[in-house]
Amino acid sequence: MTIVSLPEIMDPAFQQRYGVAAFNAVDDITMDGLIRAAEESRSPLIIQISVKTVLFWGEDVIKDMFTNMASRVAVPVTLHLDHCPDPAVAETCLKAGWNSVLFDGSKLSYEENFVKTGEIVKMAGKTGASVEGELVAVRGVEDGIGSEQEGGLLPIAKEIEFIQETGIYCYAPPIGTAHGFYKATPTIRYDRIQQLVDATQMPMVLHGGSGLSNEVFSRLIALGAAKVNISTDLKKTFADGFRTYLEEKPEEYNPLKLIGSVKDDVTEMAKSYFKIFGSEGKA
Ligand SMILES: [Zn+2]
C-alpha cells in the first residue's frame, strides 16, 4: 500500500524544490491513467477531486476506487478534495478516509474564513488528514466554484497570519494565475510567493497550472510551489481523446479499445508534467 499523507508527498518536494502534480481525476479511466503514469515515471502523485465529482460518484466510491488502484503501484499517492467551500462536504470526505482537503473560504470575510478553516483543520486532525487553505479567490470558475474576478489582495501580514495560525499544512496564494484556459499571458506575482515562503517556510500550491509556460512552472516551483494543480489540461486531454478516437475509427465499437486509448492519452499527458515539474524519478 502506498497511500500516504499530503505532507509525506509535499515535504520532500518543498525541501528539494520539485513540484508534485495534482490532477483533477473525474472517473476510473482518468484515475487509473494518472496512477499508471506515476508508476511508470517513478513519480509521487496527488489525485484531487472536485466537489462536483464527489457529488457525481459519492465519496466512498471514489475512496474505494482510489484505494484499490493505488494498492497496485509502488509510488506514493494521496487523495485530496479540491476547492471545497462547504464544510459538510469536506467532513464527509474526511470521514470516508480521504487524505486532505482544500477548504476554500475565499468568499468569506477574513475573520469567518480564519475561524472556519481552523475548524476544518481540527476535523481533519481527527483522521490524520491535512488541510490546504485559501484566502483570496483564484480567478476563474472551475467545476462551478469560483468567480471571473480574482479576489482583492490582502495585506501580506494578514496572509502570513492566516498561514501560520489556522493550522493549515499548505496554502494557495493569489499570484495572478487563473483557472480555465488563459486568454492572455498572466502577470505572475513572483515576489508575493517568495515573501510568503520566506516568512512562513510552508509549501505553496500553484492553482491554474494548465497553460503556463515551462519557465513559469520552473520559477514558481523553485520559489516553493510544491503542489501544482492541473485540471483544465486533463479535461481537454480526456475529451479530445474520445473525439479523436471516434473520428479516426468510426467503425470501431469496442468500448475497451476506446477507453483504453483515452486512458493512454491521460497517462502520456501526466508523464509530460512529471518531467516538467522535476518529480520524475523521485519515487
Ligand atoms: Zn484551483
Side-chain angles (χ1 to χ4, degrees), residues 6 9-10 13 19-26 30 34 45-55 62 78-87 89-90 93 98-108 113 116-117 120 130-154 159 162-163 168-183 186-189 192-193 196 202-212 216-217 220-221 223-238 269-270 273 277:
L6 188 63
I9 281 191
M10 281 178 71
V20 181
F23 296 102
N24 289 66
V26 295
T30 46
L34 295 166
L45 168 72
I46 298 163
I47 292 286
Q48 66 182 13
I49 307 286
S50 77
V51 170
K52 267 199 174 167
T53 306
V54 175
L55 299 178
I62 293 173
T78 195
L79 180 63
H80 174 82
L81 175 64
D82 199 14
H83 293 280
C84 181
D86 184 350
V89 175
C93 289
W98 292 38
N99 305 104
S100 54
V101 299
L102 162 51
F103 177 66
D104 182 346
S106 60
K107 285 244 165 75
L108 306 174
N113 190 354
K116 282 247 159 65
T117 300
I120 302 284
S130 314
V131 177
E132 178 182 338
E134 180 170 344
L135 198 43
V136 177
V138 175
R139 187 163 52 83
V141 178
E142 190 171 67
D143 282 353
I145 293 173
S147 101
E148 285 310 324
Q149 298 299 315
E150 185 176 77
L153 282 185
L154 289 164
E159 267 187 278
F162 182 86
I163 295 168
I168 57 172
Y169 165 70
C170 58
Y171 177 66
I175 49 168
T177 56
H179 296 134
F181 292 101
Y182 286 99
K183 293 169 193 104
T187 304
I188 310 288
R189 288 187 286 272
R192 192 83 177 185
I193 187 170
L196 291 172
M202 279 172 62
M204 298 290 140
V205 178
L206 173 54
H207 284 251
S210 301
L212 297 178
V216 171
F217 282 132
L220 289 172
I221 289 166
L223 288 170
K227 171 172 177 275
V228 183
N229 292 359
I230 302 289
S231 175
T232 300
D233 204 17
L234 175 69
K235 289 176 182 167
K236 188 176 184 304
T237 302
F238 185 73
M269 178 220 59
Y273 280 109
F277 299 166

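Atoms within a ligand are numbered from 1 in the order they appear, just like the ligands themselves.
Here the options are Asn24, Asp104, Asn229, the test is side-chain hydrogen bond (donor to acceptor under 3.5 Å, both in side chains), and the partner is His83; only Asp104 passes. Applying side chain to side chain contact (heavy atoms under 4.5 Å, CB included) to Thr78 and the options Val20, Ile47, Ile9 leaves one that passes, Ile9.
Smallest separation of non-hydrogen atoms from Met202 and Ile168: CE-O, 3.2 Å. What you find for Ile230 and Gly209 is that their closest heavy atoms are CD1-C, 3.8 Å.
Side-chain contact between Thr53 and Asp82 is absent, with no heavy-atom pair separated by less than 4.5 Å.
Listed by chain and number, His83 NE2, His179 NE2, His207 ND1 are the protein N/O/S atoms closer than 2.8 Å to the Zn ion (ligand 1), with waters left out.
Side-chain atoms of His80 and Ser100 include a donor-acceptor pair closer than 3.5 Å.
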